[in-house]
K.L.:
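Quick one: this structure, given as structure tokens, is what I'll be asking you about.
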Amino acid sequence: MKNITVLVSGSGTNLKVLIDSIKEKKIRNGRINLVISSKKDAKALDIAKKENIKTIAISKKDFKSDEEYQEEMFKSLKKENPDLIVLAGFLYILSEKIVKYFKNKIVNIHPSLIPSFCGNGMYGLNVHKAVLEKGVKITGATVHFVNEKADEGPIILQKCIKVKQTDTPEILQTRVKEEVEWKILKKAVNLICLDKVKVINNKTYIKT
Ligand code: GAR
């Protein structure tokens, strides 16, 4: 059984999908042992607590510098020593030390089709605003392993949807979550828990 730690910052809908998928056995061979939030008042924390999952809040505001914050995060992760870390709407970039220590053990869900609309400043609603401003006709989401560069690690799964002329950033965010993120995140986590994802030369290969 793989021990999973989920990192969150916000509403926690992706976390909820992971919890439900484990209960429904759509994710096999995995369990969530810990949820770490970057915000003390994140709704995601309430979701975890309701399920009796251990939670920690590590807020950047409580640390003098990013280094100290990252060190505390590193200590907490190392102590838990999970098999898999899922960034489910976690809005900070993890330090190189953390990423190297947990190489190919951290996955992130990003709300666009990487390599479009990603990198610095591209998170949450900003992504959907940029998508609509550019006028692209398709968008989607990506689950990828995390490496030292933001949103550049090996891609595991992607799925696209059509952008509608009636979309606002908020509507598009909801549609991308419901129609794409929730589906590909649980699928990717299940594949990893079943040891079906290999990384070779910065690309992933999925056993079928
Ligand atoms: C999701 O749309 C996720 O893709 C995005 O934050 C949202 C969190 O929603 N993540 C990023 O933008 C990371 N770059 P949730 O808290 O309801 O799961």
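Start at 1 and go down the list; that is how both ligands and their atoms are numbered. Owing to the predicted nature of the structure, the values given are computational and were not obtained by experimental measurement.
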K.L.:
For atom 8 (C) of ligand 1, which protein heavy atom lies nearest, and how many Å away is it?
P.N.:
G89 CA, 3.5 Å
K.L.:
Heavy atom to atom 1 (C) of ligand 1, shortest distance: which of H110, M122, E181 holds it?
P.N.:
E181
K.L.:
More than 12 non-hydrogen atoms from neighbouring residues, nucleotides or ligands closer than 6.0 Å to OH on Y69, yes or no?
P.N.:
yes
K.L.:
Are the charged groups of E179 and K159 less than 4.0 angstrom apart, N to O?
P.N.:
no
K.L.:
So does E181 pair up with K177, basic N to acidic O under 4.0 Å?
P.N.:
no
K.L.:
Indicate yes or no: does an N/O atom of N108 lie under 3.5 Å from an N/O atom of ligand 1?
P.N.:
no
K.L.:
Between D151 and ligand 1, is there a nitrogen or oxygen pair with a distance under 3.5 Å?
P.N.:
no
K.L.:
Would you tell me whether Q158 and T142 have side-chain atoms, one donor and one acceptor, within less than 3.5 Å of each other?
P.N.:
yes
K.L.:
Does a side-chain N-to-carboxylate-O contact under 4.0 Å join E178 and K183?
P.N.:
no
K.L.:
Atom 11 (C) of ligand 1: which protein heavy atom is closest, and how many Å away?
P.N.:
P111 CD, 3.6 Å
K.L.:
Non-hydrogen atoms of I109 versus ligand 1: any pair closer than 4.0 Å?
P.N.:
yes
K.L.:
If hydrophobic clusters are built by linking Ile, Leu, Val, Met, Phe, Trp and Tyr wherever their side-chain heavy atoms come under 4.5 Å apart, do I106 and L34 end up in the same one?
P.N.:
yes
K.L.:
Say whether, by atom type as modelled, one donor and one acceptor occur between the side chain of T174 and the main chain of E170 under 3.5 angstrom.
P.N.:
yes
K.L.:
Please list the nearest protein heavy atom to atom 9 (O) of ligand 1 with its residue and the distance rounded to 0.1 Å.
P.N.:
K177 NZ, 3.1 Å
K.L.:
Is the backbone N or O of V199 less than 3.5 Å from a side-chain atom of T204, with the two atoms forming a donor-acceptor pair by type?
P.N.:
no
K.L.:
Can you check whether T13 has an N/O within less than 3.5 Å of an N/O in ligand 1?
P.N.:
yes
K.L.:
Please report which non-hydrogen protein atom sits nearest to atom 16 (O) of ligand 1, along with the residue it belongs to and the distance in Å to one decimal place.
P.N.:
G12 N, 2.7 Å
K.L.:
Within the structure, does G10 bring an N/O atom to less than 3.5 angstrom of an N/O atom in ligand 1?
P.N.:
no
K.L.:
Tell me whether ligand 1 is touched by G124 - counting only heavy atoms on the residue side and a distance under 4.0 Å.
P.N.:
yes
